[in-house]
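Remarks on the structure that follows.
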2 protein chains.
Amino acid sequence: MDLDTTDRRLLGVLVEDATLSYAELGERVALSAPAAHERVKRLRRSGVIRRTAALLDPKAVRKPLLAFVHMDTKGWGKTPQLMMISEYPEVEEIHSVAGDTSVLLKVRTEDTRALESLLSHLYEIPGVVTTRTYVVLSTYLERPVQPGITREWPVAR
Amino acid sequence: MDLDTTDRRLLGVLVEDATLSYAELGERVALSAPAAHERVKRLRRSGVIRRTAALLDPKAVRKPLLAFVHMDTKGWGKTPQLMMISEYPEVEEIHSVAGDTSVLLKVRTEDTRALESLLSHLYEIPGVVTTRTYVVLSTYLERPVQPGITREWPVAR
DNA sequence: CATGAAATTGGGTAAAT
DNA sequence: ATTTACCCAATTTCATG
């Protein structure tokens, strides 16, 4: 499961566009179609590529409102009540975090009313003490996991 | 750009697995292969499907450490300095938010040292007053935008 | 449903271990 | 000597009019 330069270049292309033919894919990394295919198969088998998915426009599926919710909970761990949150298609991420809050959610709803409704449901979960919600005003960048390794750091001035 | 039930079912399948043949895809939503193809083409053209991408295992690309960073800034808006943050492949999301912080980042690094280094670079950006970092201890759910609309709300008890 | 393109398979070669 | 990665050519499957 060690990735060489060619693997990383393949991943870099596939993260951007996974619809290319193996011929084109190979061309971009200087490989024949079967060789590219072989590598991609290996990357899939080994789990480096988890899956290939269609990425949807949130507005088009009527979820224009993005928010991050910090939840303070009394207990800890993967309680069944907490896991039930996954049932809401509005909830995209659930993380337990270190810091002044215990659980962090990424949620996407149709409007503020739906967000309010979701929050009220979260409050009803036993053990949930407080929630703080950060409504996203605008998104400047949103992309999936990048294969890139930073070698030259950008200089901010 | 109005989605009917079949469109949503197609999207539901494609969000999970965009490698299926149109024959299989059609089978799952009770459509012929060309019909399924036609719909998917329309969904792509209209932008409902932004793109199809390979989703990578963060650990496999040596970014096992996930964190959310809240940045308080003096100014507002899409300053060039802020946008330079996109150059770091470690940064996956940049949002401006409402609440007790102004910018929210999702970042993924190899280790705490790399996170520290990234944070020190963020501090150097003019206008950045404070950062608060929430290190993710464990991720219970992480998925892309779902096409689903909640009709029956799960009951938490 | 037909045509062309693409994915996939097998055989054979060269380099690295 | 065995493994690994590759290319080429042939076949099957698929996209697409």
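Just so we're clear, the structure is a prediction, and the values are computed from it rather than from any experiment. Quick note on labels: first sequence line is chain A, next is B, and so on, each numbered from 1.
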| Looking only at side-chain N and O atoms, does A:His37 come under 4.0 Å of OP1 or OP2 in C:dA7? | no
| query | Roughly how many Å is it from CG in A:Asp2 to P in D:dA5, rounded to a whole number? | reply | 11 Å
| Value in whole Å for how far the C1' atom of D:dC14 lies from CG of B:Leu20 | 13 Å
| Are OP1 or OP2 of D:dG17 and a side-chain N or O of B:Lys41 less than 4.0 angstrom apart? | yes
| said: How many whole angstroms separate atom CD of A:Glu38 from atom P of C:dA7? | reply: 14 Å
| Side chains of A:Ser102 and A:Thr73: is there a donor and an acceptor less than 3.5 Å apart? | yes
| said: From the set D:dC6, C:dT9, C:dA7, return the single nucleotide nearest to any side-chain atom of A:Ser21. | reply: C:dA7
| d(CG, A:Leu31; C1', D:dC8) in whole Å | 14 Å
| request: Verify the cluster assignment for B:Leu82 and B:Leu105: are they in a single hydrophobic cluster under the rule of side-chain heavy atoms below 4.5 Å apart? | output: yes
| query | Rounded to the nearest Å, what distance is computed from the OH atom of residue B:Tyr22 to the P atom of nucleotide D:dG17? | reply | 11 Å
| said: Please determine whether a side-chain nitrogen of the Lys or Arg among B:Asp7 and B:Arg39 lies less than 4.0 Å from a carboxylate oxygen of the Asp or Glu. | reply: yes
| field | Protein-nucleotide distance (A:Arg42, atom CZ; D:dT3, atom C1'), rounded to Å | value | 14 Å
| Joint cluster assignment, B:Leu43 & B:Val13, ILVMFWY side-chain distance < 4.5 Å | yes
| request: Grab the CG-C1' distance between B:Leu25 and D:dC14 for me, whole Å please. | output: 13 Å
| field | N or O in side chain of A:Arg39 less than 4.0 angstrom from D:dC6 OP1/OP2 | value | yes
| query | Given D:dC8, D:dC6, D:dG17, which nucleotide is nearest the side-chain atoms of A:Ala35? | reply | D:dC6
